[in-house]
Amino acid sequence: GGKSTSSVPRTYASSEQSLTPLQRRIITSAEKFLGVPYCYGGTSTKCTDCSGFVQQVFAGSGVGVPRTAAEQYTVGTEIEPEEWSIGDLVFFDFNGGISHVGIYAGGGNIIHASTSKGVIRQPLSDDYLSSGFVGIRRILPALTGR
């Protein structure tokens, strides 16, 4: 694996309990994709890739995000681990550059489109995920400063 500047934290925000209606919609929408198979370039409930999954989940709640993981990494604001909240985007670098993205699902887990397993819920402490972990960004409106 490459050198990662940040590491996956061991503690998570207590603010995870109080979700906004938008956060609830995002996580409910993300969970509807669980089990959808992976396909490169896919953006539907028939098959999806990692960034297509994120784009579809957010579009369903009226939040526009760019198409690729690298583009998605350029929007929103980077946040510290203790501020993580459901619906934040988690980014990974597995091959030099932002190559993978998932949605933070609370409790140290993300929901993401895994190339091998399709859309799954997985702990960030997973060896493969933590080896590529880059950081987490918030793109949802109205979460900052509450």
Side-chain angles (χ1 to χ4, degrees), residues 4 6-95 98-146:
S4 183
S6 45
S7 61
V8 174
R10 295 284 167 251
T11 56
Y12 299 97
S14 54
S15 65
E16 284 179 16
Q17 308 317 316
S18 53
L19 298 188
T20 67
L22 181 55
Q23 279 178 297
R24 283 186 211 285
R25 284 206 300 278
I26 292 288
I27 199 64
T28 301
S29 173
E31 286 171 344
K32 288 196 176 112
F33 275 81
L34 288 169
V36 171
Y38 181 92
C39 65
Y40 184 76
T43 58
S44 78
T45 50
K46 291 189 176 51
C47 73
T48 188
D49 65 15
C50 64
S51 51
F53 160 67
V54 168
Q55 190 182 48
Q56 289 309 295
V57 165
F58 280 77
S61 292
V63 180
V65 295
R67 174 65 186 91
T68 70
E71 289 167 342
Q72 289 171 5
Y73 188 66
T74 66
V75 297
T77 49
E78 180 140 13
I79 51 174
E80 297 304 312
E82 56 271 16
E83 296 169 0
W84 290 13
S85 197
I86 286 171
D88 292 337
L89 295 186
V90 189
F91 291 92
F92 304 88
D93 169 1
F94 294 120
N95 54 13
I98 302 297
S99 59
H100 192 66
V101 61
I103 299 174
Y104 186 63
N109 297 297
I110 65 166
I111 297 178
H112 69 123
S114 147
T115 48
S116 56
K117 301 189 184 86
V119 180
I120 54 171
R121 186 192 305 262
Q122 195 170 16
L124 269 167
S125 55
D126 172 84
D127 287 346
Y128 180 69
L129 289 180
S130 59
S131 73
F133 178 77
V134 173
I136 187 158
R137 300 180 75 84
R138 177 162 300 161
I139 61 171
L140 287 180
L143 278 188
T144 42
R146 80 180 159 90

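Between S130 and S125, the shortest heavy-atom distance links the atoms OG-O, 4.0 Å. Across G135 and E78, no two heavy atoms sit closer than the pair CA-OE2, 4.1 Å. The minimum heavy-atom distance between S114 and I120, with the atom names listed, is CB-CD1, 3.9 Å. Taking each heavy atom of T48 and G42 in turn, the nearest pair found is OG1-O, 3.1 Å. Nearest heavy atom pair, residue I27 against residue Y104, reads CD1-O, 4.3 Å. Nearest heavy atoms, L19 versus R24: O-NH2, 3.5 Å.
Partner of V90 under the side-chain contact (heavy atoms from CB on, under 4.5 Å) criterion, out of L129, V54, L124: L124 alone.
Looking at heavy atoms from C-beta onward, F58 lies out of side-chain contact with R25 at the 4.5 angstrom threshold. Residues D49 and R67 form a side-chain contact, since some pair of their non-hydrogen atoms from C-beta on lies under 4.5 Å apart. T45 has its side chain out of reach of K32: every pair of non-hydrogen atoms, C-beta onward, lies at least 4.5 Å apart. Using a 4.5 Å heavy-atom threshold, the side chains of I26 and I86 count as separate. Looking only at side-chain heavy atoms (C-beta outward), F92 and I110 come within less than 4.5 Å of each other.
Listed for the D126 side chain is no donor-acceptor partner under 3.5 Å among the backbone atoms of P123. Checked by atom type and distance alone, the side chain of T74 pairs as donor or acceptor with a backbone atom of E71 at under 3.5 Å. In this structure, the side chain of S61 does not engage the main chain of V63 through any donor-acceptor pair within 3.5 Å.
Judged as a side chain to side chain contact (heavy atoms under 4.5 Å, CB included), and not counting sequence neighbours, the contacts of Q56 are F33, T43.
Between atom OH of residue Y73 and atom OG of residue S99 there is a gap of 12.0 Å, rounded to the nearest 0.5 Å. The distance from atom CD1 of I136 to atom CD1 of I103, rounded to the nearest 0.5 Å, is 10.5 Å. Here NE2 of H112 is found 11.0 Å from OH of Y38. Values are rounded to the nearest 0.5 Å. Atom CD in Q122 sits 11.5 Å away from atom CD1 in I111 (nearest 0.5 Å). In this structure, I139 CD1 and Q72 CD are separated by 7.0 Å, a value rounded to the nearest 0.5 Å. Here R121 contributes atom CZ and N109 contributes atom CG; the two are 6.5 Å apart, rounded to the nearest 0.5 Å.
With a 6.0 Å radius and a threshold of 12 heavy atoms from other residues, nucleotides or ligands, D127 has its CG atom at or below the threshold.
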